[in-house]
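Here's the structure we're looking at; comments come further down.
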Amino acid sequence: MSRGFDLTHPVHVPDKPALEGLESKWQARWDADGVYRFDRTRPREEVFAIDTPPPTVSGSLHVGHVFSYTHTDVVARFWRMRGRAVFYPMGWDDNGLPTERRVQNYFGVRCDPSLPYDPSFEPPAASTGSGAPRAGSRGEKPGKQPVSVSRPNFVELCARLTAEDEKAFEALWRHLGLSVDWSLSYATIGRRAQHVSQLSFLRLWRRGLAYQIEAPTLWDIDFRTAVAQAELEDRELPGAYHRISFEAPGGAVFIETTRPELIPACVALVAHPGDERYRPLFGTEVTSPLFGVRVPVKAHELADPEKGSGLAMICTFGDVTDVVWWRSLSLPVRAIIQANGTLRPIDWGAGEWTSTNAARAQQAYDQLANLSASKARTKIVELLKESGDLTGEPRPITHAVKFYEKGDRPLEIITSRQWFIKTMMFREALTTRARELRWHPAYMQARLENWIGGLAGDWCISRQRFFGVPFPLWYPVLADGTRDYDHPIAASDERLPVDPSTDVPEGFRPEQRDRPGGFAGDPDVMDTWATSSLTPQIAGGWLDDPDLFGRVFPMTVRPQAHDIIRTWLFSTLLRSHLEMDSLPWTNAAISGWVLDPDRKKMSKSKGNVVTPLGLLEEHGSDGVRYWAASGRAGADTAFDTGQMRVGRRLAIKLLNASRFVLSNPAPTGEVTAALDRGLLTGMARLVRDATADFEDYNYARVLERCESQFWFFCDDYLELVKARRYGDQGPAGAGSANTALLAALSVLLRLFAPFLPFVTEEVWSWWRAGSIHRAAWPTPGEVLPFAAEDDRAVEALQLAAAVLGEIRKKKSEEQRPLKTAVARVVVRVPEAQRHLLADAEADLRAAGLIQDLVVETAEALAVHVELAA
RNA sequence: GGGCGGUUAGCUCAGUUGGUAGAGCACCGGCUUUACACGCCGGCUGUCACAGGUUCGAAUCCUGUACCGCCCACCA
């Protein structure tokens with residue numbers, strides 16, 4: 001009877017097995033042997049493809065990364081053992097603002113896209129030899145005037161710095177034991193990513209799904225770029241309601257505003273159509289204070305009679321509601337906030353701005369011009385007080401204000417030319433897609449549907465930044481020097497990727513750049529999500545490896561955290577819908593956050609980060625992975641070094657228990673003993689449950705069950721059969737125990753392998769050939785050396801363990817050594833169970849050192865123990 | 001304001017179709033036991049947030065409330 005766990009392979013068990021050094025030993029071996037290499041000859045249905053989240057390399061890895069990446073790795077390892085070809089790439093998100101900021105500080109440079117490329121440029125503060133101290137300290141070198149460099153030079157510096165970061169990240173991932181195929185790595189600023197981003201953009205543009213328009217856009221005044229709805233966050237700020245009078249035909253009317261500095265930008269007042277107080281004013285004009293601008297009073301459903309005075313000031317533009325009103329009421333534009341957040345100078349006599357008293361308006365406005373919005377606010381309050389147009393003191397409130405999530409000052413709304421991808425018209429289709437996707441956990445689907453339902457406009461993808469994928473476009477420069485935005489010149493597909501700031505469009509010469517009759521490159525780059533939304537296409541080789549792409553797309557799973565459902569998950573779904581008319585993946589596995597002891601998300605901004613490498617070294621990678629894998633999909637999990645210690649102990653226990661099982665290689669034999677059959681039946685059930693749970697991404701439950709079975713195996717089963725295995729009941733009994741022990745060990749190691757890849761590999765290497773991570777996932781059938789599950793044997797094992805427990809308890813109560821013999825045990829069991837005890841009696845006597853075992857019949861189980869003197 | 005989670009032992013959390021509340025950690029006590037002192041054995045610990053309802057029976061199903069957290073919102 002060979003079930004694959006006979007000892008045909010030479011067995012080498014170390015005398016003192018230990019965890020130390022397993023990480024470096026095995027990661028080197030796995031690499032050398034290509035254990036995790038993707039087999040690209042396998043058909044799509046045998047592939048398990050993972051759309052790995054590319055970590056932002058300009059930050060540092062923290063414990064949250066270790067947590068969620070472990071979840072993915074555990075699942076990947078399971079499916080690999082199930083026989084799937086696992087496509088598990090790593091990406092690096094080096095594209096975008098975080099890298100830009102870091103490069104600026106690190107090298108002391110500033111990007112100026114108008115400069116030409118300098119091939120021999122060296123940065124002033126360069127000290128980037130390998131091993132250079134990471135600037136993760138955010139250590140800005142103070143006092144130095146940044147040196148201006150061209151965009152290509154700047155991008156080179158970004159690539160240089162991120163290359164260093166990526167090495168450090170890879171080393172950490174390897175130490176953690178991620179079963180990534182490192183030959184599949186990509187970078188979101190890499191050539192392939194640029195190619196995919198640019199081509200996909202051009203394809204959408206040709207289909208009319210990408211368009212540019214000059215319109216009010218959310219704008220960060222510090223980064224001086226447009227931002228998208230998905231990048232907003234609300235922050236509670238102190239503010240104040242200012243009650244301000246406008247002059248109306250029948251006397252003053254009052255508005256309340258938190259932004260009085262925008263009074264010069266006022267284009268109308270608005271009230272609810274049913275608001276009796278203001279109904280007489282609809283259709284009339286009122287005059288603004290200080291500036292004497294006549295503006296109409298309009299009615300609109302969105303105006304809330306309960307808010308402020310019920311009469312709202314519409315400015316161009318104070319907030320997104322202004323934009324809604326401005327659009328639907330077809331109002332004119334009087335924009336005053338500039339791209340840098342200050343109020344632009346205005347000539348009130350020039351006709352653009354008509355005032356009933358231009359001189360007074362000019363006099364007032366000149367005191368505001370070139371001030372930031374907040375300074376202008378302070379100033380205008382003074383002016384309004386002097387003029388008597390401010391009623392009472394400003395009333396302090398706190399209110400939510402929209403910020404760019406990476407920004408420091410409130411967003412403004414500024415009219416500018418931007419590129420958009422159409423999303424509004426696909427809301428219904430995307431909701432359907434969201435429902436086709438299998439979510440783990442299921443309730444996360446609501447997050448996405450919520451977001452789609454709340455979308456306010458198309459997706460703005462252009463950013464006025466430098467380190468990103470440029471738009472592959474140029475514009476003709478007209479005779480008067482202006483750009484003809486209506487007739488973009490696109491790069492041909494074969495030339496992609498291109499950088500329009502250095503490359504020249506077909507049919508032009510370099511010297512025609514920015515000249516009348518010539519061309520001008522599109523100065524913008526794409527939103528980082530416009531590239532990240534294509535990770536399945538980038539990683540899968542959409543453009544340059546169609547054979548690969550056919551085998552991995554749509555991918556099997558997107559693992560990611562819940563905070564970027566609205567950005568990364570949504571945008572990937574959108575791009576795949578538009579480009580492939582398909583879901584990008586069939587499953588979304590959402591991981592939670594790591595919470596610190598105060599139940600707050602652990603993040604560097606809160607200063608409570610623990611270095612991941614330090615954790616891995618202290619608790620062992622397996623120990624840390626154990627903690628991570630105990631966090632269920634989607635659930636936020638407390639940072640708990642105690643759990644890591646438990647994981648480490650489990651790994652050590654695996655070493656020692658395995659050593660016991662393997663260090664006395666007596667012959668195996670037919671599994672006849674009840675306890676052995678009970679054990680293996682339990683193992684078969686464990687395998688069945690674990691497999692089902694794993695298939696449902698419920699890895700945490702698998703770990704819990706395996707662990708519990710393993711401790712039972714060690715504490716009870718092992719003790720019960722130990723004597724028999726040593727031969728006390730003859731060779732047949734020993735052979736039965738040996739077979740069961742080896743079978744159970746083989747199964748347990750493989751069940752634990754996805755969670756504890758290092759220790760299980762180590763033990764596997766003592767007695768089996770090849771990597772455990774390429775071994776077949778156990779099946780319920782393989783572990784049963786007999787035809788069917790044996791319920792009776794399972795009961796016998798449980799009963800024997802219960803009696804053994806009572807004996808231990810007695811010894812503990814009497815504070816006697818465990819080796820104390822037991823003079824007499826009376827076991828009272830229900831009649832139906834007497835035979836079970838008979839099956840287990842010999843093992844029980846030996847394990848319990850029982851001299852006299854008496855079995856009586858009773859209603860319920862009861863055990864009476866008398867210790868020997 | 002809308003939506004989604006959560007509330008179980010001192011702590012971290014399990015609890016699959018309703019059927020006598022569980023684990024680990026911590027704590028207390030004991031034990032060198034031929035795999036393991038990086039160990040082993042045993043013990044203590046609960047108004048399952050609250051209030052109703054369904055049911056022979058509810059931590060579990062339904063309704064409502066409170067608190068915590070997250071997501072979203074057109075906060076003048």
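Letters A, B, ... are given to chains in the order of the sequence lines, protein chains preceding strands, and every chain is numbered from 1. It should be emphasised that the depicted structure is a prediction, and the values quoted were computed from it without experimental measurement.
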Quiz item: Is any side-chain nitrogen or oxygen of A:Y626 closer than 4.0 Å to OP1 or OP2 of B:C25?
Solution: no

Quiz item: What is the nucleic acid contact for A:R259, judged by heavy atoms within less than 4.0 Å: base, sugar-phosphate only, or nothing?
Solution: nothing

Exercise. Quick one: which residue pairs count as a side-chain hydrogen bond (donor to acceptor under 3.5 Å, both in side chains) with a foot in residues 639-655 of chain A, not counting sequence neighbours?
Key: A:E20-A:R648

Quiz item: Pick the nucleotide of RNA chain B nearest each of A:R705 and A:L718; which residue has the one closer to the 5' end?
Solution: A:R705

Practice problem: Examine A:R447 relative to A:F570 and say whether NZ or CZ is less than 6.0 Å from the centre of the six-membered ring and inside a 45° cone about the ring axis. | Solution: no

With the criterion being N/O to N/O and under 3.5 Å, what pairs connect the protein with nucleotides 40-45 of chain B, and how long is each?
unit_1: B:C40; atom_1: OP1; unit_2: A:K653; atom_2: NZ; d: 2.4
unit_1: B:C41; atom_1: OP1; unit_2: A:D715; atom_2: OD1; d: 3.2
unit_1: B:C41; atom_1: OP1; unit_2: A:D715; atom_2: OD2; d: 3.4

Quiz item: So, is A:K722 near the phosphate of B:U33, with a side-chain N or O under 4.0 Å from OP1 or OP2?
Solution: no

Quiz item: Which part of the nucleic acid, if any, lies within contact of A:V646, taking any heavy atom under 4.0 Å across all strands shown: a base, the sugar-phosphate backbone alone, or nothing?
Solution: sugar-phosphate

Exercise. Return the nearest nucleotide to the side chain of A:E719; candidates are B:U12, B:A35, B:A76.
Key: B:A35

Quiz item: What nucleic acid atoms does A:K307 come within less than 4.0 Å of, heavy atoms only: base, sugar-phosphate, or nothing?
Solution: base

Quiz item: Mind checking what makes ring pair (Phe, Tyr, Trp, His ring centres under 6.0 Å) contact with A:F710, not counting sequence neighbours?
Solution: A:F752

Exercise. List for me each residue that meets salt bridge (Lys or Arg N to Asp or Glu O under 4.0 Å) alongside A:K722, sequence neighbours excluded, and say none if there are none.
Key: A:E719

Quiz item: Where each pair must be Watson-Crick or G-U wobble with both distances under 3.5 Å, what dot-bracket representation of RNA chain B is obtained, with crossing pairs in [ ] and other-strand partners as |?
Solution: (((((((..((((.....[..)))).(((((.......))))).....(((((..]....))))))))))))....

Practice problem: For A:K810, report the nucleic acid contact type (base, sugar-phosphate, nothing); a contact means any heavy atom under 4.0 Å. | Solution: nothing

Quiz item: OP1, OP2 of B:C25 versus side-chain N and O of A:R645: anything below 4.0 Å?
Solution: no

Quiz item: NA contact type, A:A303, heavy-atom cut-off 4.0 Å: base, sugar-phosphate, or nothing?
Solution: base

Quiz item: Which part of the nucleic acid, if any, lies within contact of A:E20, taking any heavy atom under 4.0 Å across all strands shown: a base, the sugar-phosphate backbone alone, or nothing?
Solution: nothing

Collect all protein-nucleotide pairs involving nucleotides 2-10 of chain B in which both atoms are nitrogen or oxygen and the distance is under 3.5 Å.
unit_1: B:G2; atom_1: N2; unit_2: A:N450; atom_2: ND2; d: 3.3

Self-check item: Qualifying residues under ring pair (Phe, Tyr, Trp, His ring centres under 6.0 Å), relative to A:W627, sequence neighbours excluded
Solution: A:F67, A:F639

Quiz item: Reckon A:D234 touches a base, only the sugar-phosphate, or nothing at all at heavy-atom distances under 4.0 Å?
Solution: base

Enumerate the protein-to-nucleotides 60-64 of chain B contacts in which both atoms are nitrogen or oxygen and the separation is below 3.5 Å.
none

Exercise. Write down the distance separating the P atoms in B:A9 and B:G24, rounded off to the nearest Å.
Key: 16 Å

Exercise. List in chain and number order the residues that pass side chain to side chain contact (heavy atoms under 4.5 Å, CB included) with A:R427, two or more places apart in sequence or in another chain; answer none if no residue qualifies.
Key: A:M424, A:I452, A:L455

Quiz item: Quick one: ring pair (Phe, Tyr, Trp, His ring centres under 6.0 Å) partners of A:W459, sequence neighbours excluded?
Solution: none

Practice problem: Check RNA chain B against residues 391-401 of chain A and give the residues with a non-hydrogen atom under 4.0 Å, in numerical order. | Solution: A:H399, A:A400

Exercise. Report yes if at least one side-chain N or O of A:K811 is closer than 4.0 Å to OP1 or OP2 of B:G30; otherwise report no.
Key: no

Quiz item: Hey, does A:T258 reach any base, or is it just sugar-phosphate, or nothing, if we go heavy atoms under 4.0 Å?
Solution: sugar-phosphate

Practice problem: Under the ring pair (Phe, Tyr, Trp, His ring centres under 6.0 Å) rule, collect the residues that match up with A:F713, sequence neighbours excluded. | Solution: A:Y717

